[in-house]
Amino acid sequence: MTALSVVVIGVVGGATAGGNGFASRQNCAAPDLPGPVVNVSLTNMGGPMMGQRNGIMNGGAMRLTADRATVPRGTVSFLVTNGGNISHELVVLPLPSDQVAGTRPIGGDAKIDEAGSVGEASNTCAQGAGQGIVSGSSGWVTLTLAPGRYELLCNLPGHYAAGMYTQLTVS
């Protein structure tokens, strides 16, 4: 498939070009999600990431925020909106009681180990795992969570180190 074919498919499919050169659907509508819904916002400031220095991507601060810090156990949905100008994702990992959010070891690939993940939202305008949520779009996931602490994070290379994490407590 040529680049022109990809652009034509994106335009015919209702997508528009995003700030990062990839197709971006600006008005994704999530279905009616079950359980409490945690609205997660993914942002980056300072423009697109331009390269690496000391294993960390440059280009400005990044942030992942949630509109609530606590939810009841059971079914929980995450509606994830990318307000930045590059792709992001949401990964949900249990957080050990002796660990602070944002302190996981970062590997040589500028990512953390996702072993033990309970789910992710990284599919543009759809549920579950994908290739990342493109700029101006949303993705979602519904999980069944046991009581405990969880870390919500973006694990694209360099994003965790740049500040894309927060804690969620399930009671």
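Computed from a predicted structure; not experimentally measured.
- Follow the hydrophobic side-chain contacts under 4.5 Å out from L33 and you never reach I133; the two are in separate clusters.
- The line from OG1 of T144 to CZ of R73 is 12.0 Å long, rounded to the nearest 0.5 Å.
- Side-chain polar atoms of H88 and N44 form a donor-acceptor pair below 3.5 angstrom.
- Considering only heavy atoms from C-beta on, V40 stays 4.5 Å or farther from T65 through its side chain.
- Two residues are said to be in side-chain contact when any heavy atoms from C-beta on lie closer than 4.5 Å; L143 and V76 fail this criterion.
- In this structure, T43 and S41 have side chains that are in contact, with non-hydrogen atoms separated by less than 4.5 Å.
- Grouping the Ile, Leu, Val, Met, Phe, Trp and Tyr side chains by contacts below 4.5 angstrom, directly or via other members, places L64 with M62.
- No side-chain donor-acceptor contact under 3.5 Å links T70 and T169.
- More than 12 heavy-atom neighbours from other residues, nucleotides or ligands sit within 6.0 angstrom of CD on Q99.
- In the hydrophobic clustering of this structure, Y150 groups with V141; members are Ile, Leu, Val, Met, Phe, Trp, Tyr whose side-chain heavy atoms approach within less than 4.5 Å, directly or through other members.
- In this structure, the separation between CG on L95 and CD on Q167 is 5.5 Å, given to the nearest 0.5 Å.
- Between the side chain of S122 and the backbone N or O of G130, at least one donor-acceptor pair lies under 3.5 Å.
- Grouping the Ile, Leu, Val, Met, Phe, Trp and Tyr side chains by contacts below 4.5 angstrom, directly or via other members, places W140 apart from L153.
- Using a 4.5 Å heavy-atom cutoff, the side chains of T142 and F78 are not in contact.
- Between the side chain of R149 and the main chain of P96, a donor-acceptor pair closer than 3.5 Å is present.
- For the atom pair M164 CE and L90 CG, the distance stands at 9.0 Å (nearest 0.5 Å).
- Follow the hydrophobic side-chain contacts under 4.5 Å out from V118 and you reach V71 in the same cluster.
- Checking each of T124, N123, T81 against S138 for a side chain to side chain donor-acceptor pair (under 3.5 Å) leaves exactly one that passes, namely T81.
- Distance check: C154 SG to H159 NE2 gives 5.0 Å after rounding to the nearest 0.5 Å.
- Sorted pairs that involve residues 94-123 and meet ring pair (Phe, Tyr, Trp, His ring centres under 6.0 Å), not counting sequence neighbours, are lacking altogether.
- For the pair P72 and P36, the minimum side-chain heavy-atom distance is below 4.5 Å.
- The structure places CG of L42 at 11.0 Å from OG of S135, a figure rounded to the nearest 0.5 Å.
- A donor-acceptor contact closer than 3.5 angstrom links the side chains of N155 and E114.
- Side-chain contact between S171 and P147 is absent, with no heavy-atom pair separated by less than 4.5 Å.
- Put simply, the side chain of T75 never gets that close to the backbone of P34: no donor and acceptor are under 3.5 Å apart.
- Expressed to the nearest 0.5 Å, how far OH of Y165 lies from OG1 of T103 amounts to 8.5 Å.
- For R104, the side-chain hydrogen bond (donor to acceptor under 3.5 Å, both in side chains) criterion is met by E151, not counting sequence neighbours.
- Taking the side chain as every heavy atom from C-beta outward, L93 and V91 approach each other to under 4.5 Å.
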